[in-house]
J.: 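Attaching a single structure in structure tokens format; questions to follow.
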Amino acid sequence: MYSYHLAPRKTKKGISWQVVIECGNDPLTGDRVRKYKTVNGTKKEANSKAIELINQLNNGGITKPSALKLKDWLIEWHGNYLPNIEHRTRESYLERMNHRIIPVLGNIQLKALQTTAIQKWINAISTELAPKSVRNIFNILNASLKKAVELNKISSNPCDGVVLPKRKKYQGNAYTPAEVQQALAFAKGTNMYMLLLLAFSLGLRRGELLALTWDDIDFKKAEITINKSTYNAGSERKVKTPKTESGIRTLAIGDTLLRELKNARTDYLKRRFEMGARFTDSNLVVCQENGVPYHTDSIGNKWKRFKEKYNLRDIRFHDIRHTNATTLLAAGIDIKTVQTRLGHSDVSTTMNIYTHVTP
């Protein structure tokens, strides 16, 4: 069993790294056997060289990378080496692999996959996708190839050295108070009203909105407890608890929202009685007329059609959450309270997004 460590060496050109491979003891003399290699580069490059040398030693001095094609390895990696990620994340990995990685790089053998090919692929998808999306896809490929190196299927990771597009700082697009009132006025009397009223009033995430049940509302205390979120894996609806404790929160609600929620509850019970067996008693605050839950992906489309119908300024549905936070901060609410209401785990997250609002 081989091991290694790195030792920095000062030179006239700066710092280089000496890779020291521990090869055990000589069976005749008992002396410790080591192999050395100097790398004039970064520590990361020295690590890669050390792994390459150990792979060569394990293969009798000759590197024998796997003959697997990338697409076959990605499927194996996805199936066997991601045991602790949630179902939704696993599905998103598979979707990105099948639509973005495999069609371009999938038929290349691992041993033949080069950094230049990956860089060309990154450059191509960067013309279509936002920098964050490009990085998310790249991270899947990078993680799979790191595991391939660990398992001695390849000697080094060809993702090392790839240049990614710079991430643009997110800055949401908020409605003004007048635009909020206009949107709610148009929505009044439609199945968009409660969805938008909750979103503008509380700044909930889409999954939180669609998971909200009548049991989560305390009408006497005028409070709503956020303790779950929903998402769709294909046609299957899933409900999960928040990733962090800060995602579970109880929010005070004002008189207008409380009154409208009481009216909506009465309407829900009325529809349940009148429709009988045709009604699905989902107990959801935001649902279709017959009680059936909305598919999470349908909300963005509903919002798009609503904006177009009433000629509203174009913002994303997620920017309704941004509108809520911006309105609170502009009204003088302190950043810590806004962080708590939004369910951010760290106040720095709130600050990073809303620095343009706060003094």
Side-chain angles (χ1 to χ4, degrees), residues 1-6 19 21-24 35 37 39 41-129 131-165 233-234:
M1 179 67 69
Y2 301 101
S3 63
Y4 75 93
H5 65 270
L6 304 178
V19 178
I21 308 294
E22 300 286 353
C23 303
K35 291 185 180 295
K37 177 69 177 180
V39 176
T42 65
K43 187 175 182 179
K44 184 176 181 180
E45 291 170 334
N47 270 308
S48 296
K49 175 57 69 175
I51 294 172
E52 179 183 342
L53 292 172
I54 289 176
N55 287 336
Q56 290 175 357
L57 291 167
N58 285 330
N59 291 301
I62 302 173
T63 301
K64 297 179 180 178
S66 170
L68 274 175
K69 289 185 176 180
L70 175 63
K71 62 182 179 182
D72 298 321
W73 166 242
L74 283 170
I75 293 170
E76 180 182 341
W77 170 77
H78 182 269
N80 297 332
Y81 297 102
L82 298 174
N84 297 320
I85 63 172
E86 63 180 39
H87 181 77
R88 186 181 186 185
T89 304
R90 183 182 292 275
E91 289 297 312
S92 71
Y93 279 19
L94 188 61
E95 191 274 336
R96 290 165 180 161
M97 283 161 45
N98 288 334
H99 287 84
R100 291 294 180 178
I101 304 176
I102 290 176
V104 180
L105 303 173
N107 285 320
I108 302 175
Q109 289 185 344
L110 286 181
K111 66 181 180 182
L113 185 59
Q114 299 292 323
T115 303
T116 52
I118 297 175
Q119 186 68 66
K120 288 179 181 179
W121 165 68
I122 287 293
N123 294 345
I125 64 175
S126 295
T127 63
E128 305 175 47
L129 303 173
K132 182 179 178 181
S133 298
V134 173
R135 286 174 177 269
N136 288 341
I137 296 168
F138 171 81
N139 288 340
I140 294 171
L141 178 63
N142 189 30
S144 71
L145 294 177
K146 280 184 178 179
K147 177 56 68 173
V149 172
E150 289 177 18
L151 298 175
N152 295 330
K153 293 180 179 293
I154 52 177
S155 60
S156 61
N157 185 351
C159 283
D160 293 344
V162 171
V163 178
L164 299 174

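Note that these values count all heavy atoms, side chains included, but never hydrogens, waters or copies made by symmetry.
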J.: Working to the nearest 0.5 angstrom, can you tell me the gap between F138 CZ and I118 CD1?
T.: 7.0 Å
J.: Using the side chain to side chain donor-acceptor pair (under 3.5 Å) criterion, which residues pair with E76? Sequence neighbours excluded.
T.: none
J.: Test of understanding: with side-chain contact (heavy atoms from CB on, under 4.5 Å), list the residues that count as partners of D72, not counting sequence neighbours.
T.: L68, K69
J.: Residues two or more places apart in sequence or in another chain: which of them pass side-chain contact (heavy atoms from CB on, under 4.5 Å) with S92?
T.: T89, R96
J.: Rounded to the nearest 0.5 Å, how far apart are CH2 of W77 and CD1 of I140?
T.: 6.0 Å
J.: Using the side chain to side chain contact (heavy atoms under 4.5 Å, CB included) rule, take L113 and W73 through it: C-alpha gap first, then chi angles, then the decisive distance, then the call.
T.: CA-CA 12 Å; L113 185 59; W73 166 242; over 6 Å; no
J.: My understanding is that only residues two or more places apart in sequence, or in another chain, count here; which of them pass side-chain contact (heavy atoms from CB on, under 4.5 Å) with K43?
T.: L6, W17, N47
J.: For the atom pair OG1 (T42) and CG (D160), what is the distance rounded to the nearest 0.5 Å?
T.: 8.5 Å
J.: Calculate, to the nearest 0.5 Å, the distance between atoms OG and CG belonging to S144 and L110 respectively.
T.: 8.0 Å
J.: By side-chain contact (heavy atoms from CB on, under 4.5 Å), which residues pair with V149, not counting sequence neighbours?
T.: I51, I154, N157
J.: Which atom pairs, one a donor and one an acceptor, fall under 3.5 Å between side chains of residues 97-108 and the rest of the protein, sequence neighbours left out?
T.:
{"unit_1": "N98", "atom_1": "ND2", "unit_2": "L94", "atom_2": "O", "d": "3.3"}
{"unit_1": "H99", "atom_1": "ND1", "unit_2": "E95", "atom_2": "O", "d": "2.9"}
{"unit_1": "H99", "atom_1": "ND1", "unit_2": "E95", "atom_2": "OE2", "d": "3.4"}
{"unit_1": "R100", "atom_1": "NH1", "unit_2": "E128", "atom_2": "OE1", "d": "3.1"}
{"unit_1": "N107", "atom_1": "OD1", "unit_2": "K71", "atom_2": "NZ", "d": "2.8"}

J.: Using 0.5 Å steps for rounding, measure from the OH atom of Y93 to the CG atom of N139.
T.: 7.5 Å
J.: Show me the pairs that pass salt bridge (Lys or Arg N to Asp or Glu O under 4.0 Å) and involve residues 135-152, at least two apart or across chains.
T.: K147-E150
J.: Among all residues two or more places apart in sequence or in another chain, which pass the side chain to side chain donor-acceptor pair (under 3.5 Å) test with S156?
T.: none
